[in-house]
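These figures come from a predicted structure and were not determined experimentally.
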Amino acid sequence: QVQLVESGGGLVQAGGSLRLACAVSGRTLSNYHMAWFRQAPGKDRDFVAAIGWSGGYTYYRDSVKGRFTISRDTTNNTVYLQMNALKPEDTAVYYCAAVILNRPSSVVVRDWRTYRSWGQGTQVTVSS
């Protein structure tokens with residue numbers, strides 16, 4: 001398994017931007033599928049976005065399409081989540097997750113039970 005460490009969370013006003021980073025270490029990453037999830041207090045852990053480490057595909061939940069962008073830096077072994085036009089409903093703890101998969105379906109990538117490695121989470125708070 002890989003080790004994941006998130007950073008970049010914080011407090012921002014509605015309409016603002018944040019960039020989350022997930023540093024990945026421990027294995028050769030070419031067969032890995034990476035994702036961001038989020039969990040608000042008292043709610044389930046929800047899928048946000050996903051990307052294949054070797055590129056070729058991305059997935060997003062509908063409510064963040066056009067506002068969030070997932071990307072990866074293969075030189076620095078880091079996955080990013082650029083979040084623009086933030087809304088109060090984006091407030092949550094954001095988690096990075098990883099699993100070895102080859103072009104998973106859109107249903108599989110949205111299920112948190114698919115993933116085998118998780119980071120510790122980073123808090124994002126959007127004020128109105």
Is there a side-chain contact between Cys96 and Trp36, using heavy atoms and a 4.5 Å cut-off?
yes
Requested in this report: Report whether Val99 and Val79 are members of the same hydrophobic cluster (ILVMFWY, side-chain heavy atoms less than 4.5 Å apart, transitive linking).
Outcome: no
Review point. Taking the side chain from Thr91 and the backbone from Val126, do they hold a donor-acceptor pair closer than 3.5 Å?
Key: yes
- Message: Let me check something: do Ile70 and Leu101 share a hydrophobic cluster, defined by ILVMFWY side-chain heavy atoms less than 4.5 Å apart, either directly or through other members?
- Response: no
- Item | Worked check of side chain to side chain contact (heavy atoms under 4.5 Å, CB included) between Asn77 and Leu29 | CA-CA 8 Å; Asn77 283 359; Leu29 301 175; 3.6 Å; yes
Strictly under 6.0 Å, is that where the ring centroids of His33 and Tyr57 end up? yes
Worksheet item: Given the rule in the side chain to side chain contact (heavy atoms under 4.5 Å, CB included) test, do Thr78 and Val24 qualify, once you have shown the distances and angles that lead to the verdict?
Response: CA-CA 6 Å; Thr78 303; Val24 187; over 6 Å; no
Contacts of Asn31 meeting side chain to side chain contact (heavy atoms under 4.5 Å, CB included) (sequence neighbours excluded), chain-then-number -> Ile100
Between Ser17 and Ala85, the two heavy atoms sitting closest are OG-N, 4.3 Å
Is Val93 reachable from Tyr115 through a run of hydrophobic residues whose side-chain heavy atoms are each under 4.5 Å from the next? yes
With sequence neighbours left out, the residues meeting ring-ring contact (aromatic ring centres under 6.0 Å, His included) with Tyr60 are none
Of all heavy-atom pairs linking Tyr59 and Ser106, the shortest is CE2-CB, 3.6 Å
Side chain to side chain contact (heavy atoms under 4.5 Å, CB included) assessment of Thr125 paired with Val12
CA-CA 6 Å; Thr125 303; Val12 64; over 6 Å; no
Separation between CG (Asn102) and OH (Tyr32), nearest 0.5 Å, reads 14.0 Å
| Under a single-linkage definition using a 4.5 Å side-chain heavy-atom cutoff for Ile, Leu, Val, Met, Phe, Trp and Tyr, are Phe37 and Val109 assigned to the same hydrophobic cluster? | yes
- Query: Would you find a donor on one side and an acceptor on the other, under 3.5 Å apart, between the side chain of Tyr94 and the backbone of Gly8?
  - Reply: no
- Please lay out, stage by stage, how Thr69 and Leu81 fare under the test side chain to side chain contact (heavy atoms under 4.5 Å, CB included). CA-CA 6 Å; Thr69 303; Leu81 185 67; over 6 Å; no
With sequence neighbours left out, the residues meeting salt bridge (charged side-chain N to carboxylate O under 4.0 Å, His left out) with Lys87 are none
Worksheet item: For Gln13, does the CD atom have more than 12 heavy-atom neighbours from other residues, nucleotides or ligands under 6.0 Å away?
Response: no
- Within a reach of under 6.0 Å around CH2 of Trp112, are more than 12 heavy atoms found that belong to other residues, nucleotides or ligands? no
Nearest heavy-atom contact between Ala40 and Ala92 is N-CB, 3.8 Å
- Item | Side chain to side chain, Glu6 and Gln120, heavy atoms closer than 4.5 Å | yes
Salt bridge (charged side-chain N to carboxylate O under 4.0 Å, His left out) filter on Arg116, not counting sequence neighbours, yields none
Output for pair (Ser105 OG, Asp111 CG), nearest 0.5 Å, gives 10.0 Å
Distance col, row Arg38:CZ vs Leu20:CG, nearest 0.5 angstrom, shows 11.0 Å
Those residues at least two apart in sequence (or on a different chain) that pass side chain to side chain contact (heavy atoms under 4.5 Å, CB included) with Ser117 are Gln1, Val2, Leu4, Ala98
Tell me which donor-acceptor pairs under 3.5 Å the side chains of residues 43-54 have, and how far apart each pair is, sequence neighbours excluded?
unit_1, atom_1, unit_2, atom_2, d
Arg45, NE, Gln39, OE1, 3.3
Arg45, NH2, Gln39, OE1, 3.3
Ser54, OG, Ser30, O, 2.7

I'd like to know if the side chain of Gln82 and the backbone of Arg19 have a donor-acceptor N/O pair within less than 3.5 Å.
no
